[in-house]
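Below is one structure, written out as structure tokens; comments come after it.
We use all heavy atoms of the structure for the numbers below, so side chains are in, but hydrogens, waters and symmetry mates are not.
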Amino acid sequence: EENGLSQCEADYLTGWERLSGVLPNEQKKLLEELEGHCEDEALIAMGIALERGVYAGFRNFFRPDVVPLTFEQFVEEKLFTVPEMKQFPDYYEARMKVNELETELADQLDLFSREHLTSISYAWEERTMAMLRYGFMLGYQRAVDIIGQVEPKSAGRMAAAWWKVKRDTL
């Protein structure tokens, strides 16, 4: 870590600095548009993960006879594979737009500049994954909190299930 940043974020900043120094205005605008769509994609994904976390929490509580749903099964496998991601049209559209813009920009860059674009794209993928994990855990924790308020005696069992999901997710 450098200056409190992960290597991924440090590479992102380096990529931005280098590209902003060499790209013509048209390509800079395309890079800015790409980043805007990456942010949109991450926020849409976080909302999906939050909802799925709430559902997983309630399902795991009310269906103790079935194997608990994990983050990987319930979020990653659904959002990052086709055709599963198509069941989330807003996310799918955002992901396709990011892919389109990234390809369009990469096709205009030399090899050196593409490496920096890759660093920027990778940083956004890592940010999206962090937001997915956080959203899922917030949703699951919300389900635990609601069940604990309604049925306090069940809070212990639910908290144990929560910590198992949290441990398996991290």
Side-chain angles (χ1 to χ4, degrees), residues 1-54 56-57 69-142 144 162-170:
E1 292 192 14
E2 148 187 332
N3 297 328
L5 298 174
S6 69
Q7 186 61 51
C8 178
E9 288 297 322
D11 291 345
Y12 166 84
L13 291 175
T14 300
W16 246 109
E17 289 171 13
R18 300 275 169 84
L19 287 178
S20 65
V22 298
L23 294 181
N25 284 338
E26 187 177 307
Q27 290 176 340
K28 283 182 191 176
K29 286 180 184 175
L30 190 55
L31 180 60
E32 290 170 0
E33 183 182 355
L34 171 62
E35 283 228 292
H37 284 284
C38 287
E39 183 178 352
D40 292 345
E41 175 194 11
L43 292 172
I44 292 167
M46 184 178 182
I48 293 168
L50 180 82
E51 292 170 350
R52 295 177 85 71
V54 170
L69 292 171
T70 65
F71 173 79
E72 289 78 13
Q73 295 167 310
F74 208 49
V75 177
E76 282 185 342
E77 291 175 11
K78 300 297 182 190
L79 286 179
F80 298 141
T81 58
V82 176
E84 283 79 8
M85 74 168 59
K86 288 183 178 181
Q87 64 185 294
F88 308 101
D90 292 342
Y91 175 78
Y92 180 75
E93 182 179 315
R95 179 72 246 164
M96 294 303 105
K97 185 65 175 178
V98 166
N99 289 348
E100 173 190 321
L101 291 171
E102 190 174 328
T103 300
E104 181 181 344
L105 184 55
D107 288 346
Q108 299 174 28
L109 301 177
D110 59 41
L111 186 58
F112 176 75
S113 296
R114 280 186 193 165
E115 289 181 24
H116 292 301
L117 178 60
T118 298
S119 295
I120 291 169
S121 297
Y122 181 70
W124 275 106
E125 289 174 13
E126 288 297 303
R127 292 170 184 170
T128 299
M129 280 302 297
M131 291 174 75
L132 284 170
R133 285 186 199 100
Y134 187 66
F136 185 80
M137 287 191 284
L138 281 176
Y140 199 100
Q141 183 60 51
R142 184 63 186 133
V144 170
W162 160 246
W163 285 110
K164 180 183 178 350
V165 167
K166 188 172 182 178
R167 183 191 68 231
D168 292 346
T169 298
L170 297 177

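Remark: Asp40 pairs with no residue by the side-chain hydrogen bond (donor to acceptor under 3.5 Å, both in side chains) rule, at least two apart or across chains. Not counting sequence neighbours, the partners of Thr81 by the side-chain hydrogen bond (donor to acceptor under 3.5 Å, both in side chains) test are Glu84. Under the side chain to side chain contact (heavy atoms under 4.5 Å, CB included) criterion, Asp90 pairs with Ile44, sequence neighbours left out. Evaluation of the salt bridge (charged side-chain N to carboxylate O under 4.0 Å, His left out) rule for Lys78 yields no partner, not counting sequence neighbours. Residues forming a ring-ring contact (aromatic ring centres under 6.0 Å, His included) with His37 (at least two apart in sequence, or on another chain): none. Listed by chain and residue number, Glu102, Leu117 satisfy the side chain to side chain contact (heavy atoms under 4.5 Å, CB included) test with Ser121 (two or more places apart in sequence, or in another chain). In terms of the side-chain hydrogen bond (donor to acceptor under 3.5 Å, both in side chains) criterion, Asp107 has no residue partners (sequence neighbours excluded). Qualifying salt bridge (charged side-chain N to carboxylate O under 4.0 Å, His left out) partners for Glu104, counting only residues two or more places apart in sequence or in other chains: none. For Gln108, the side-chain hydrogen bond (donor to acceptor under 3.5 Å, both in side chains) criterion is met by Gln27, not counting sequence neighbours.
Atoms CD1 and CG, on Ile48 and Leu43 in that order, are 11.5 Å from each other to the nearest 0.5 Å. The line from CG of Leu23 to CG of Leu105 is 6.5 Å long, rounded to the nearest 0.5 Å.
Legend: salt bridge (charged side-chain N to carboxylate O under 4.0 Å, His left out) pairs involving residues 113-128, not counting sequence neighbours, sorted by first then second residue: Glu9-Arg127. For residues 82-118, the set of pairs meeting the ring pair (Phe, Tyr, Trp, His ring centres under 6.0 Å) definition, not counting sequence neighbours, comprises Phe112-His116. Evaluation of the salt bridge (charged side-chain N to carboxylate O under 4.0 Å, His left out) test over residues 25-35, restricted to residues two or more places apart or in two chains, returns none.
Thr14 and Asp11 are not linked by any side-chain donor-acceptor pair at a separation below 3.5 angstrom, with hydrogens and angles left out of the test.
In this structure, Glu93 places its CD atom where only 12 or fewer heavy-atom neighbours from other residues, nucleotides or ligands lie under 6.0 Å away.
Counting only distance, with no hydrogens or angles, the side chain of Thr103 and the backbone of Glu100 share no donor-acceptor pair below 3.5 Å. No donor-acceptor distance shorter than 3.5 angstrom exists from the side chain of Arg52 to the backbone of Val75, with no hydrogens or angles considered.
Ring orientation note: the planes of Tyr140 and Phe136 are tilted relative to one another, at an angle of 30° to 60°.
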